[in-house]
Amino acid sequence: MKRIVIADDSGTARMMIKRCLEIIGLADAEFAEAENGKEGLALVKQQATDLLVSDLNMPVMDGEALLRWVKASPKLVDLPVLIITSAGNQAKSEQLLEMGAFAVINKPVNPAILSDVLTPLLNKEEV
Amino acid sequence: MNEHSQFLQEKITCVLEETLENMAFISVDGSSKQECTEIEGERLNANLLITKPVLLEMRLEMSRELLVQIVETMYIMDREEITDQLIGDLLAEILNTLAGRFMTETLPADQTFSLNLPELTEVVDDAPEAKRFTYYYLAEEYPLIVEITMADDTDLSIILNNN
């Protein structure tokens with residue numbers, strides 16, 4: 001069973017992302033939810049995770065800091081991090097990709113966009 | 001000021017249509033202050049501060065009933081299951097998405113921006129009218145109001161000069 005961690009301070013956004021992931025074929029995945037980057041980091045450290053989906057704007061620790069911590073950790077460096085944000089224009093997206101994000105997509109998210117982005121990962125059976 | 005207001009309205013309308021269509025298959029129509037005022041029912045309000053590269057506040061006011069209907073549609077939930085927290089959270093998420101899309105549409109692609117976290121608030125009428133732009137819509141026949149308040153004219157100039 002795949003494990004996916006979703007970090008977003010909005011419960012609505014977490015529900016929406018989870019629902020989209022279920023629609024694109026990840027319904028049997030184990031989902032863990034975090035309200036901020038700090039909780040998200042704790043969850044991915046706790047247990048092997050196949051995908052981390054994170055918002056950018058979050059209290060306590062934002063998504064950018066979460067991404068930096070993940071990519072700085074030898075144990076977590078290969079974990080694909082998908083950033084889903086409303087504050088992701090081209091400049092920000094390029095910056096996050098350079099920092100090691102697997103992909104950056106803009107809210108509002110929908111299943112078609114998620115499917116396009118995650119298909120390469122799904123095909124490699126890494127997610 | 002009317003020219004500026006029209007430009008901002010076009011951008012707001014565009015991102016609002018895109019956001020609600022994508023989130024909940026809801027379409028929006030332009031409305032007026034009078035029409036929105038005449039429609040009864042509880043409204044909820046959220047504010048969000050954009051801090052860089054301009055200082056402005058975006059406010060979103062929506063009918064509670066509309067928010068409930070969106071939750072019902074999006075999550076296939078029964079009305080009895082829907083909590084006030086979920087409704088407030090949805091309003092904040094819509095505002096957050098709107099603000100991000102608005103900044104993406106109005107700033108150059110190589111310009112980053114910073115958004116604060118959205119806050120659920122009461123409507124406070126304290127900004128001078130000249131710096132405030134209010135737009136009225138109907139979504140599924142329920143009122144929806146988007147308001148942008150600029151800290152000063154410099155912020156408005158930055159947005160306009162990029163377009």
Side-chain angles (χ1 to χ4, degrees), chain A residues 6-23 27 31 33 35-38 53-65 67 83-99 101 104-116, chain B residues 15-26 46 48-53 58 67-68 70-71 73-77 81-120 162:
Chain A
I6 303 171
D8 196 310
D9 57 316
S10 163
T12 308
R14 292 196 304 272
M15 281 172 71
M16 195 186 309
I17 292 165
K18 185 179 170 190
R19 189 161 178 77
C20 288
L21 290 169
E22 288 170 345
I23 288 169
F31 291 96
E33 298 184 20
E35 290 186 5
N36 57 60
K38 191 176 176 185
V53 182
S54 178
D55 185 20
L56 268 192
N57 269 0
M58 291 183 286
V60 185
M61 182 198 285
D62 65 21
E64 197 172 317
L67 176 64
I83 302 286
I84 299 180
T85 179
S86 57
N89 64 355
Q90 190 184 321
K92 194 69 189 176
S93 298
E94 285 171 3
Q95 189 186 334
L96 293 163
L97 291 171
E98 278 176 21
M99 289 167 65
V104 181
I105 60 180
N106 286 318
K107 289 181 180 180
V109 68
N110 66 49
I113 294 170
L114 265 182
S115 178
D116 284 348
Chain B
V15 297
L16 182 64
E17 284 175 344
E18 181 189 277
T19 300
L20 290 183
E21 173 67 29
N22 266 319
M23 284 177 97
F25 307 108
I26 283 177
L48 182 150
L49 208 57
I50 296 163
T51 54
K52 287 178 187 169
M58 187 176 280
L67 289 162
V68 169
I70 294 174
V71 173
T73 306
M74 283 171 67
Y75 306 118
I76 316 170
M77 288 176 82
E81 295 176 276
I82 300 170
T83 60
D84 285 343
Q85 186 184 349
L86 191 57
I87 292 166
D89 198 69
L90 175 64
L91 177 67
E93 184 61 16
I94 294 172
L95 175 58
N96 191 41
T97 304
L98 264 184
R101 297 291 305 125
F102 174 74
M103 294 308 288
T104 301
E105 285 292 319
T106 51
L107 292 177
D110 61 353
Q111 172 76 64
T112 55
F113 54 89
S114 296
L115 308 178
N116 277 9
L117 296 170
E119 290 179 289
L120 299 181
N162 284 320

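This is a predicted model, so every value here is computed, not measured. Heavy-atom basis, side chains included; hydrogens, waters and symmetry copies ignored. Note on naming: letters A, B, ... go to the chains in the order of the sequence lines (proteins, then strands), and numbering restarts at 1 for each one.
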- Task: Specify which of B:Leu115, B:Asp110, B:Thr19 makes the most heavy-atom pairs with chain A at under 4.5 Å.
- Result: B:Leu115

- Query: Is there a side chain to side chain contact (heavy atoms under 4.5 Å, CB included) between B:Leu90 and B:Met23 once you walk through the steps?
  - Reply: CA-CA 10 Å; B:Leu90 175 64; B:Met23 284 177 97; 4.1 Å; yes

Side chain from CB out, backbone as N, CA, C, O: work out which of these in [X] comes under 4.5 Å of a heavy atom of chain B, or both, or neither.
X: A:Met58; result: backbone
X: A:Asn110; result: side chain
X: A:Glu94; result: neither

With a 4.5 angstrom heavy-atom cut-off, which part of [X] approaches chain A: side chain, backbone, both or neither?
X: B:Met74; result: both
X: B:Ala92; result: neither
X: B:Ile76; result: side chain
X: B:Leu117; result: side chain

- Under 4.5 Å between any side-chain heavy atoms of A:Ile6 and A:Leu21, yes or no? yes

- Message: So, using side chain to side chain donor-acceptor pair (under 3.5 Å) as the criterion, who are the partners of A:Glu33 when residues are at least two apart?
- Response: A:Arg14

- Query: What is the minimum heavy-atom distance between A:Asp9 and A:Asn57, and which atoms define it?
  - Reply: OD1-O, 3.2 Å

- Message: Test your reading of the model: is there a side-chain donor-acceptor pair from B:Thr106 to the backbone of B:Phe102, 3.5 Å cut-off?
- Response: yes

- Here the salt bridge (Lys or Arg N to Asp or Glu O under 4.0 Å) pairs for residues 82-104 of chain B, sequence neighbours left out, are A:Lys107-B:Glu93, B:Glu18-B:Arg101, B:Arg64-B:Asp84, B:Arg101-B:Glu105

